[in-house]
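Notes follow the structure.
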Amino acid sequence: YLHSNILKVQVLSSFYTITLCRMQPHRHPLPAPGSQTPDSLVGTGVNDTAAASRRVACGVIPEAWRFDCYPERGAVVTRELCEARSCCFIPASSRPAGRNGIPWCFYPRDFPSYSLVSMNDTSTGQKGTLVREVKTYYPADVLTLEVEIRHETDTRLRVRITDPSSPRFEVPISVPAATEKADSPAYVVELSRRPFGLIVKRRSTGVVLLNTTVAPLFYADQFLQMSTSLQSRFIYGLGEHRSAFLHDLQWNTLTMWARDVPPTEQTNLYGAHPFYLAMEDGGDAHGFFLLNSNAMDVVLQPAPALTWRTIGGILDFYVFLGPDPASVIGQYVEVIGNPSMPIYWALGYHLCRWGYNTSNSTWEVVKRLRNYGIPQDVQWNDIDYMDRFLDFTLDPTKFATLPDLVKDLHAHDQRYVMILDPGISSVQPEGAYWPYDEGLRRDVFIKDAEGKPLIGKVWPGLTAYPDFSDDVTHDWWFDNLQRFHEKVPFDGLWIDMNEPSNFLDGSTDGCPSNSLENPPYTPGILGGLLRAKTLCASAQQKQSIHYNMHSLYGLMEAKASASALKRILAKRPFGMYSGHWLGDNRSQWKDLYTSIAGILTFNLLGIPLVGADICGFSEEPQEELCVRWTQLGAFYPFARNHNAIVMKPQDPTAFGPLARKAMKEALLLRYSLFPILYTLFHHAHVHGHTVARPLMFEFPKDVRTYGIDKQFLWGRSLLVTPVLDPGVDYVDGYFPEGLWYDYYTGDSLLSAGEDLRLQAPLDKINLHLREGSISPTQAPNLTLWVSSGQPLHLVSALSDDGSASGDLFWDDGESIDAYENDLYSYIVFDRNVTEALKLVSNVEATYITVETASFYGVKQKPGRVLVNSQDATFTYRDNQVLTVGDLGLNLSRNFTISWM
Ligand SMILES: *[C@@H]1O[C@H](CO)[C@@H](O)[C@H](O)[C@H]1NC(C)=O
Ligand SMILES: *[C@@H]1O[C@H](CO)[C@@H](O)[C@H](O)[C@H]1NC(C)=O
Ligand SMILES: *[C@@H]1O[C@H](CO)[C@@H](O)[C@H](O)[C@H]1NC(C)=O
Ligand SMILES: *[C@@H]1O[C@H](CO)[C@@H](O)[C@H](O)[C@H]1NC(C)=O
Ligand SMILES: *[C@@H]1O[C@H](CO)[C@@H](O)[C@H](O)[C@H]1NC(C)=O
Ligand SMILES: *[C@@H]1O[C@H](CO)[C@@H](O)[C@H](O)[C@H]1NC(C)=O
Ligand SMILES: *[C@@H]1O[C@H](CO)[C@@H](O)[C@H](O)[C@H]1NC(C)=O
Ligand SMILES: CC(=O)N[C@H]1CO[C@H](CO)[C@@H](O)[C@@H]1O
C-alpha cells in the first residue's frame, strides 16, 4: 500500500508584494494615577552642581526610554542603592519599581560602556576590539571583548561578541557556517565607537532594525546585557510564554528557563526560544535570534525597545532580513534546523488521558470510537501503564493486555504512543532494574558538584537523570527502548518531564552554595532560584554544567529519542525532535482562546507540529466547550485530546449524541483535508514555512491583521474562524480584502477588509477558501491509512480573473528522508486565465486519482465541460459552483479540464 512515486520537483516559493502603508502610532505609557512629580530636582543632601546637572540629564530621559538599572527581583530600590550604581533615580509612577513597572532606577545616557578601539576586515565581514574602562557593579566584567560581524548571506547577518582571552560556553548545536562575505546584503551595518553600538538598517528602506546604542552593553561573567530600540510595537515569538500572539510592550518581562508548570501568564514555561519576529513600518518583517541557552530575561518596553539580559554564554545573534514574515521564519529555521517531515499518522487524531487505569479500559475507549465511526489514528497512555511508575516497565496486572491492545491497534491501521519520563529510579534492589544498573555501569547520569549521580524526585520516587549531552547515554537510551519495544511494539514516544522536572528543588542533598546556584543576578524565574523544581545549576553534564545546559535538556533527549526510534522502527519517528504540546492547560474557554496564540507562536519558532490538549487537561470538561475545542483542535497541526486523572472522560464518545456527532464531523473534516496538511508539512520541512499561519503572514500590508489570534490560516488559503465563546451560534471574524468562499457551499463573499459575523451553530466550524487556491481533499475515513488511499477531490476557489493554483506533496507517509531520497511526488495544479485546470507533472503518481473537481466562482453556467478534450457531465449551481465528477484522472499524466 505505497502511495509513493518519484517525481521531479517543481518548487513553488511564495512571493509577496509589499506596498507601503503606515502603522498606528506607538502607544505611550499612560501617566499613572496619583503619580508624583518626578523628584529629580528635589535635593537629597548632595547639592553640588555636578549632581544637579546630572539630575537634569536624568530628567530628560522619557519614561518609555528608561532602561532598568536595578532589575533585581524583590529589591526595594532606594536612591542610595541606585546611585551607588551611578544610575538615575526618579520614582515614576504609583506602580512598584522593577518587574512590569516603569523603572525608578535607570541608566543615564553617559553610563560607562564599551568603546570600539580597532576594527579589521575579515573574509566574512569585520572583527573589532571593544574595551571597557570602568568596571560595572557586577563581578568579573570582561574588560576586553572581540566583536565579529559576519555578513553570512544577503538576508542573514550574524554578530558574535566573545572574550578573546578565554573561551566561554557556547550553545552546542551546529549552525551553518559562511566562509565568504555576502555579495549584496539587504542590510547595512553601522558602528558607534564610543559608546560602542551596533546599528543595522534595511538597505532598501533605511529603516533601523537594531540600534544597541540606546543603553550600555554589559559583559560580565554572569551578567550579559544588550538593549535595542525596536522598529515597531509589533513583536512576536519569544516562547514559551502564555500570552497573546502579539506581545505587550508595556514593561513586559519574559523570562526563559525551561520549567514544568501549568501555563500561567508572566511565567517561564517548558521551552526557551530566544527569537522574535518584528513587523516594520511599511509591512516588511525581520527576525532576531540570540543563540544563548542560559537563563535570561527579555524585557519589552514601550519606547519601543527590547533588552536581552542573560547570565552566561556569549552574545551571538542573528538578524534575518525577510523581507516578508514567511521568509524570516525560513531564514531562522535555516540556522536552527528545519522541522522534520512527520510520519503521516502524526497528523491524525490522537486520544490520551491520565487515568486509563488498565489496558482493558484503554482498549474499551478505542473500541467505542470505532463503533461510533469516529476517526482515530493513535491511542496513547500516560504513566498509568508503568509498574510503579518505573520507565521501561509494564504494570503486570493492570496493563497485562497492553501488548494485545497494540496488536489490535496495528490490525486496524492505528498506532500506539506511550509516555516516557527521563527520571530513572535509583532505589531498586541491585539486579532488579536494568535501566539504572546499566546506566551506572555506563556512567550515563548527571552528576552533582561532587561527582556522584545527582538524585532528584519524580514519579517513581528518587531518580537519577540521564545526561543526554553524552553519546554514551544515547546508546543506553536506545538499548532500553529496544528492550521495551520487544515487549510492547509502540510506534512513537511522548517524552515528558524533560525541563527536566523535579519535585524537589535541586536534589535530595540540596545544592552547594556558590555563584552558579546564586548568581549575582537571577532572571525572573518562577520560584526565584535556578534550581526551583529542577536540578542544581552546578550539576555536571558531559558538555557543560547544568547552569548552561538546563534549557537544552529536552532538545537533547528528543535527539536521542528520535535517533533511537529511527533505528528501532526504520521509519520517521513520531514528533520527536519536532513536536510540542502546549502543556497542562485548563478546560476553560480562555484556554481554548489562548491555545491559538500558542499554536501560531510555535509555528513562528520553527516547530509547526504543535497542539494544545483538546478539551483541556485539568478541570472537568464541559460538553459545549469540548465540542468547540474539538472543532478548533481539528485544525491544530497536532490534534490530541488529553485529560487529567480523576477528571470525567472527555473523549468524543463520553458526550451526548449531538455533541458526539459534532465532534465526529470535525474530525472527519480534518481527515478529508489531510492532503493539504501533509503538503504544508512538506513546505515546512523543506522551506521552513508555517503550517498554522497567522493572517499577517499572508497580508503583511494589512495592519489590521497584526494582532489577530482568534483566527488563523492553514497555509496560504484556508481560513479557520472558530467559536471561542460559550452560548453563541455565531462568530465574528476578520476577512482581509479579497474574494473568499465558504468551504462547504462555495458561496462567495467579497470583503473590503472587514469584520463579518458568521453563523456558527454548535455543529459548525467556519472555514473559508481564499480566492486563487486549489485544494486537494479526500473522502475521510476512520484512519489516515484508509482515507489517504482515497481518490482526490479538487476544490478550486477562482479569483475574479478565473485563475487558481495549488499543489500536492505525496509519498509513502513513513519512509525516512523520502524527500531527500527523491521518493515522492510533487504535483502542481494550475488553472490559468484561459479557463482550464491543468495538472502540471511529468511523473507518475500511480496510486491516486482525481475523481471529482469543484470550481467555486464560475460566473456563468458553461455549455460544455471538456476533460482532456472529451465532453464530460457536470452540475452547475446558482451560487456559481461547477462540479465535474467521475473523472478517474491518473495523476501520472497531465490533464486539463476546461469549459465554455
Ligand atoms: C587588527 O589589526 C591590527 C594590526 O594588524 C591588530 O593589531 C589588531 O589586533 C587587529 N584587531 C583585531 C580585532 O583583530
Ligand atoms: C541609535 O540610538 C542612539 C541613542 O539613543 C541615538 O542617538 C541614535 O540617533 C540612534 N541611531 C539611529 C540610526 O537611529
Ligand atoms: C482484561 O481483559 C482480559 C480479556 O478480556 C481479561 O482476561 C483480564 O482479566 C482483564 N484484565 C483486567 C485487569 O481487568
Ligand atoms: C482511575 O483511578 C483513579 C485513582 O485510583 C480513580 O480516581 C479514577 O476514577 C480511575 N479512572 C477510571 C477511568 O476508572
Ligand atoms: C470508510 O470506508 C469504507 C469503505 O470504503 C466505507 O464503507 C465507510 O463508510 C467509510 N467510513 C467513513 C467514516 O466514511
Ligand atoms: C506535463 O506538463 C508539463 C508542463 O507543461 C510538461 O513539462 C511535462 O512534460 C508534461 N508531462 C507529461 C507527462 O506530459
Ligand atoms: C496510472 O497510470 C499508471 C501508468 O500508466 C498505471 O501504472 C497506474 O496503474 C494508473 N493508476 C491508476 C490508479 O489508474
Ligand atoms: C490552551 C492554552 O491555554 N494554551 C496555552 C497553554 O500553555 C501554553 C504554554 O505552554 C500557551 O502557549 C498556550 O497558549
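Reckoned from all heavy atoms, side chains included, excluding hydrogens, waters and symmetry mates. All ligand and atom numbering here is 1-based and tracks the order in the structure. Counting from 1, the numbers follow the sequence of the chain as shown.
Residue-to-ligand polar distances place Asn360 within reach of ligand 3: an N/O pair is separated by less than 3.5 Å.
Distance check for atom 7 (O) of ligand 5: every protein heavy atom is found at 4.0 Å or beyond. For atom 10 (C) of ligand 3, a protein non-hydrogen atom is found at a distance below 4.0 Å.
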Derivation of the side chain to side chain contact (heavy atoms under 4.5 Å, CB included) call for Phe490 and Asn381: CA-CA 11 Å; Phe490 58 84; Asn381 273 122; over 6 Å; no
Intermediate values then yes/no, side chain to side chain donor-acceptor pair (under 3.5 Å), Glu851 and His793: CA-CA 6 Å; Glu851 199 53 29; His793 171 62; over 6 Å; no
From CA spacing to verdict: side chain to side chain contact (heavy atoms under 4.5 Å, CB included), His350, Trp380: CA-CA 7 Å; His350 301 248; Trp380 296 41; 2.9 Å; yes
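Of the candidates Val786, Asn781, Thr783, it is Asn781 that places a heavy atom closest to atom 1 (C) of ligand 5. Between the choices Asn211, Ile61, Thr212, Leu210, the shortest heavy-atom distance to atom 14 (O) of ligand 2 belongs to Asn211.
The protein atom (non-hydrogen) at minimum distance from atom 5 (O) of ligand 2 is Val214 CG1, 3.8 Å. Nearest protein neighbour of atom 4 (C) of ligand 2, counting heavy atoms only, is Thr213 O, 4.0 Å.
With Phe218 as the aromatic partner, Arg132 meets the cation-pi criteria of under 6.0 angstrom to the ring centre and within 45 degrees of the ring axis. With Tyr349 as the aromatic partner, Arg670 does not meet the cation-pi criteria of under 6.0 angstrom to the ring centre and within 45 degrees of the ring axis. The cationic group of Arg156 does not satisfy the cation-pi geometry with Tyr318, failing either the under 6.0 Å distance to the six-membered ring centre or the 45° limit from the ring axis.
Using a distance-only test at 3.5 Å, with no hydrogens or angles considered, a donor-acceptor pair links the side chain of Arg203 to the main chain of Pro185.
Each of the following atoms of ligand 3 lies closer than 4.0 Å to a heavy atom of Thr397: 13 (C).
Looking at Ser787 against ligand 5, nothing comes within 4.0 Å, counting heavy atoms.
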